[in-house]
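Written below as structure tokens is the structure these notes are about.
What's counted below: heavy atoms across the whole structure, side chains too, no hydrogens, waters or symmetry copies. As the structure lists them, so they are numbered: ligands from 1, and atoms in each ligand from 1. Predicted, not measured: the structure shown is a model, and the values here were computed from it.
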Amino acid sequence: MASDADTVFDLVVLGGGSGGYAAALRAAQLGMNVALIEKDKLGGTCLHRGCIPTKALLHAGEVADQARESASFGIKATFEGIDMPAVHAYKDGVVSRLYKGLQGLVASRKITQIEGEGRLVSPTAVQVNGQRVEGRHVLLATGSVPKSLPGLRIDGDRVICSDQALQLDYVPRSVVILGGGVIGVEFASIWRSFGAEVTIIEALPRLVPAEDENSSKLLERAFRRRGVKFEVGARFSGVEYTENGVRVSLENGKQFEADLLLVAVGRAPVSEGLGYEEVGVAMDRGYVKVDGYCQTNVPTISAVGDLIPTPQLAHVGFGEGILVAERLAGLKVTPIDYDGVPRVTYSDPEVASVGLTEAAAKEKYGAENITSFRYNLGGNGKSQILKTTGEVKVIQLKDGPVVGVHMVGARMGELTAEAQLIYNWEALPSEVAQLIHPHPTQSEALGEAHLALAGKPLHVHD
Ligand SMILES: Cc1cc2nc3c(=O)[nH]c(=O)nc-3n(C[C@H](O)[C@H](O)[C@H](O)COP(=O)(O)OP(=O)(O)OC[C@H]3O[C@@H](n4cnc5c(N)ncnc54)[C@H](O)[C@@H]3O)c2cc1C
């Protein structure tokens, strides 16, 4: 749908990813006249190159592992291999169904969709397809793209980023992954399940370095058992092409040969050449600077999602988009507590958390004021049934509320739904201990940890 040149929209949204489309949907729901400008596909990174396709591949990997391990459940099945075109057909089917649903949803809210590459040309206007789209407010939501290291060129063939990794039509025999954060660890898990030899290189001293140290330790232990190799505290120094692949060198002198190098060292905001600075929007290293209400220094311009320096997560984009729409509609809004946003790395095992790490809690409140309990999934019936290992760790302010929950194990991501309520409602362990968890579920592990912190452990050995 094209916009009428004389229309002044209530809100012009630049970028139709998680942050942009959430704002558009909520603003339209609140009665605003909204234009949504997208140069590629509605749904952005999360739907087409991020959350959804990676989780489909991870699930396919889980099915492969279950087939391999079926005999240990008494089931006679044989694992014959990975049919990559069929895996992609499954993954693409999931994406296209969600894409259709999203297109229908946006259309049903009477949002004016404009296809094309937009550029901010004034505090209230975006230029697209040679046309000026005016709004009382503009929301910048142009997201992010994979970044690389200085001098490291992503050729899309042997040196790839996550965009190409999602399209790979074969299972590599071996891969080196640069970066042991969320994206690197998820691809390591996928490729290992598909049968590849995987080595992760991480410059910091541990995998998933943003997580609680105990979670890193548990993930590393599980990865060792799965045969995922990793070098931590190791800095990349260069890559050269070999006859059939790549040779990756580290500053410590070690070298690794593989079919592919996946560069997963983070994502850079998309802001260059889009007119932001020219219009006077304050920036910091490519990110748009905002206050707690996602408003920039230019009062008519807001920004959300991966473009601003908040956690690069789809649900953060959704939350920020909703916040902006509600603020512009005059509703009372509260700044987001980013510590209270759940974080999940969907590898096998999953690493899930909300709130502060133990180190951050000790720094904030003083080590003497923090206590914690680790419940081993070995005592949890459902986890035993699933044959998963790991822990639920709960960090508490002494005689006070829970300030962090950190979980490692299969399906732990699902438990962040409860963990986030506990953290964000500042629940006391004694209050959570009052709640009866369904048996046998993995949620009982959360319940057990709180029972223990409340001084009445149940399934815990002394
Ligand atoms: C491999 C991978 C896995 C991930 N997994 C998860 C996960 O499991 N859970 C999670 O929460 N997050 C995950 N993420 C992160 C998540 O995808 C992002 O945080 C989220 O997509 C950010 O939303 P956004 O709206 O800010 O940006 P984007 O989704 O990047 O959307 C920005 C949109 O703006 C458009 N655009 C850019 N410039 C212009 C322009 N000039 N004119 C018009 N349109 C423009 C782009 O085409 C794009 O569609 C993952 C990311 C990756 C890469």
Nearest protein heavy atom to atom 21 (O) of ligand 1, by residue and atom, and its distance? Cys46 N, 3.3 Å
Where on Ser18 is there a heavy atom closer than 4.0 Å to ligand 1, on the side chain, on the backbone, on both, or on neither? both
Ligand-residue contact atoms, ligand 1 with Thr142, heavy atoms, under 4.0 Å: 32 (C), 34 (O), 37 (C), 38 (N), 39 (C)
Where is the nearest protein heavy atom to atom 33 (C) of ligand 1: which residue, which atom, and how far? Glu38 OE1, 3.5 Å
Ala314, any N or O under 3.5 Å of ligand 1 N or O: yes
Using a strict cut-off of less than 4.0 Å between a Lys/Arg side-chain nitrogen and an Asp/Glu carboxylate oxygen, indicate whether Asp65 and Arg192 qualify as a salt bridge. no
With only distance considered, is Ser162 within less than 3.5 Å of ligand 1 through an N or O on each side? no
What residue and atom, counting heavy atoms only, is the protein's closest point to atom 29 (O) of ligand 1, and at what distance? Thr45 N, 2.9 Å
Out of all atoms in ligand 1, which are within 4.0 Å of some heavy atom of Asp40? Include the element for each. 47 (O)
Side-chain contact, heavy-atom cut-off 4.5 Å: Val198 with Ile177? yes
So which heavy atom in the protein is nearest atom 45 (C) of ligand 1, and how far is it from that ligand atom? Lys39 CG, 3.7 Å
Under 3.5 Å, N or O to N or O, is Lys55 touching ligand 1 that way? yes
What protein heavy atom is closest to atom 9 (N) of ligand 1, reported as residue, atom name and distance in Å? Cys51 SG, 3.7 Å
Which bit of Tyr21 is near ligand 1, meaning a heavy atom under 4.0 Å away: side chain, backbone, both or neither? neither
For Gly116, state whether at least one heavy atom is located under 4.0 Å from any atom of ligand 1. yes
contact_flag Gly118 ligand 1 heavy-atom lt 4.0 Å: yes
Just let me know how Leu274 lines up against ligand 1, side chain, backbone, both or neither, with a heavy-atom cut-off below 4.0 Å. side chain
Please confirm whether Arg267 comes under 4.0 Å of ligand 1, counting heavy atoms of the residue only. yes
Is the charged tip of Arg327 near the ring of Tyr293: under 6.0 Å from the six-membered ring centre and within 45° of its axis? no
